[in-house]
Amino acid sequence: MASIGDVFKEETKKAGARPTRATKWIHYSKIKDNQNQYRCGSTEEERQQYRKQVEDLAMLITASGTVLQNLLVKKIGTDEYEMIAGHHRRDACKKLVEEDGLEDYALLPCNIENVSEAREEFDLYATNIFPEKSEYEKMHELERMKYLIETYPEEFPDLQKGRMVDRLAAQMNMSKTTVGEYLTISKNLEEEGKKQFRSGELKKSAAVELASLGQEEQKELLKKGTTSLREIRTYKKEKAKEPDAGTDPEPLETMQEERGWPKPEERTARQDIQPEKKEDMQPETTDLDDQANRSDRKAPEESSEETVIKTGEKDGPKELRTAMECETFLNGHKNWEIWCKNRYTEEIFYRQELTDGTAVIVKSFPYTDEFQQEREGTKMYLFKPEMKHLKDAESSRLEVIQYLKNTGK
């Protein structure tokens, strides 16, 4: 029977079994720059800023008496290493030795990592936390991290699930909206715009707004010096007011007829009309209700056999019996009859009559996603003969597919 002392010894042994990373002291001259490091400055102004950051860090190191956080390096030769994280710390110690004559700081505490090039570059961005990054640097890091995750999925198995925005937001401790804005700038901003974004002439909010425009429009605005958020938004508002190219402005009379507004001459006449009796007044219906209650809907033919749904496609009727066939049928809704349009909200309703008297209606509409990209969404309706209002017919895609399959059996 084990004694109490043996039990404690066993528990102590288990607790101490956790692997630890050994610290290796390496001379600063043996640690080479990482080819992917971009924060040392590409312009004279950026180099001066980097130099100031190194000097400030050197003061902190001398105040502490040592480098408090280990550097991450990768072995590339017999006695040679490549930096993964710690460029500022190495350069600060180099300054202390070569300029201030403090030889005690020549050896740096390092952890040696054995990683692939993709993982090495990813870790470089993930550990770039000192000093505060510029907006351009944040965009660059997210852009490269996204590329590495997508190109080398085997290197990042823990980052393969969920939306890319969510994954990067969690990795970099940013909001999803902020990550989406940086990726929008990276993907859509024109090259001259990126140069101005890097130099700080173009602020982040203005860059996001500018990136929502076409490349040629961006070039034109930048050429004119339109780089503030207010100026870009003003331009977009003015552009939205302009009629489409090649079309004449819509006559006021036509707009009044379509919207149901009374013409000027009708307004005076209506003032002399006496209100009708309550029982003679008929409620007005919306355009959609009127379309939904059209009298041209065909009644289902009487048959003792089971009803089979058929589509009105050009290549002839087709029975819908499987989920795949139903999906194909719904995905081809743009080949159906255009039931009605709303030019103010840019919605288009496609309608397909079924042999049982039910109509499948697909509403198509544009929207802008989190990356400021134009997308197209859809909404489904199963408008049955007994229904009066389109709102009552709202259905999920799954419900529509299930209905098509069940009715087609």
Side-chain angles (χ1 to χ4, degrees), residues 150 160-167 169 176-177 179-180 183-184 187 212 285-294 296-301 303 305-409:
E150 292 176 339
Q160 295 305 312
K161 293 182 179 180
R163 298 187 311 160
M164 180 61 70
V165 171
D166 296 341
R167 288 177 270 167
K176 290 179 281 188
T177 301
V179 171
L183 293 181
T184 295
K187 182 178 180 181
S212 66
T285 60
T286 63
D287 291 341
L288 294 182
D289 287 338
D290 184 58
Q291 292 273 14
N293 290 285
R294 294 186 305 176
D296 60 355
R297 182 182 293 158
K298 295 179 181 180
E301 297 180 3
S303 173
E305 300 179 359
E306 60 183 359
T307 303
V308 177
I309 297 179
K310 297 182 179 181
T311 69
E313 297 177 354
K314 295 179 181 179
D315 57 351
K318 180 181 178 181
E319 297 182 358
L320 302 176
R321 294 186 179 277
T322 68
M324 184 65 70
E325 290 173 345
C326 296
E327 282 281 2
T328 303
F329 168 62
L330 294 175
N331 290 338
H333 65 268
K334 289 191 176 181
N335 295 322
W336 304 354
E337 167 198 5
I338 294 181
W339 185 39
C340 63
K341 294 182 179 180
N342 187 329
R343 64 190 180 88
Y344 299 107
T345 60
E346 301 178 84
E347 296 172 330
I348 303 177
F349 292 78
Y350 299 91
R351 178 184 178 120
Q352 179 67 58
E353 297 280 351
L354 306 178
T355 57
D356 68 344
T358 299
V360 178
I361 299 171
V362 177
K363 178 176 72 173
S364 174
F365 54 89
Y367 70 96
T368 305
D369 68 11
E370 59 195 278
F371 298 111
Q372 302 302 307
Q373 297 296 302
E374 288 294 320
R375 303 292 185 191
E376 184 178 279
T378 57
K379 193 167 185 61
M380 305 275 176
Y381 301 87
L382 269 176
F383 201 89
K384 300 177 181 178
E386 66 272 14
M387 291 181 175
K388 183 178 180 182
H389 303 292
L390 184 64
K391 179 70 176 176
D392 302 334
E394 285 185 1
S395 306
S396 68
R397 189 180 186 88
L398 184 61
E399 289 173 334
V400 175
I401 291 174
Q402 196 62 44
Y403 180 83
L404 294 172
K405 286 177 60 181
N406 291 342
T407 315
K409 289 182 179 178

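Remember, it's a predicted structure, so these values are computed and weren't measured experimentally.
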Rounded to the nearest 0.5 Å, how far apart are CG of Leu354 and CZ of Phe329?
-> 5.5 Å
Any chance you could measure Phe383, atom CZ, to His389, atom NE2, to the nearest 0.5 Å?
-> 8.5 Å
Nearest atoms (heavy-atom pairs only) where Trp336 meets Val360 = CZ3-O, 3.5 Å
Give the intermediate values and the outcome of side chain to side chain contact (heavy atoms under 4.5 Å, CB included) for residues Met387 and Tyr381.
-> CA-CA 11 Å; Met387 291 181 175; Tyr381 301 87; over 6 Å; no
So, the side chain of Thr378 versus the backbone of Glu376: is there a donor-acceptor pair under 3.5 Å, distance only?
-> no
List for me each residue that meets side-chain contact (heavy atoms from CB on, under 4.5 Å) alongside Ile348, sequence neighbours excluded, and say none if there are none.
-> Ile338, Lys341, Tyr350
Trace of the side chain to side chain contact (heavy atoms under 4.5 Å, CB included) decision for Val362 with Lys379 = CA-CA 6 Å; Val362 177; Lys379 193 167 185 61; over 6 Å; no
Would you give the length of the straight line joining atom SG of Cys326 to atom CG of Leu398, rounded to the nearest 0.5 angstrom?
-> 10.5 Å
Nearest 0.5 Å, what's the CD-CD distance between Glu337 and Glu353?
-> 7.5 Å
Please check if any side-chain donor atom of Thr358 sits under 3.5 Å from a side-chain acceptor atom of Tyr403, or the reverse.
-> yes
Specify the closest pair of heavy atoms between Val179 and Ala169, including all atoms of both residues, with the distance to one decimal.
-> CG2-CA, 3.8 Å
Would you confirm whether Arg167, through its side chain, and Gly162, through its main-chain N or O, come within 3.5 Å as a donor-acceptor pair?
-> yes
Using a 4.5 Å cut-off on heavy atoms from C-beta on, say whether the side chain of Thr345 contacts that of Phe365.
-> no
If you round to the nearest 0.5 Å, how far is CD of Gln402 from OG of Ser395?
-> 12.5 Å
Over all heavy atoms of both residues, which pair between Pro385 and Gly357 is shortest? Give the atoms and the distance, please.
-> CG-O, 3.5 Å
Straight-line distance of Asp166 CG to Lys161 NZ, nearest 0.5 Å = 14.5 Å
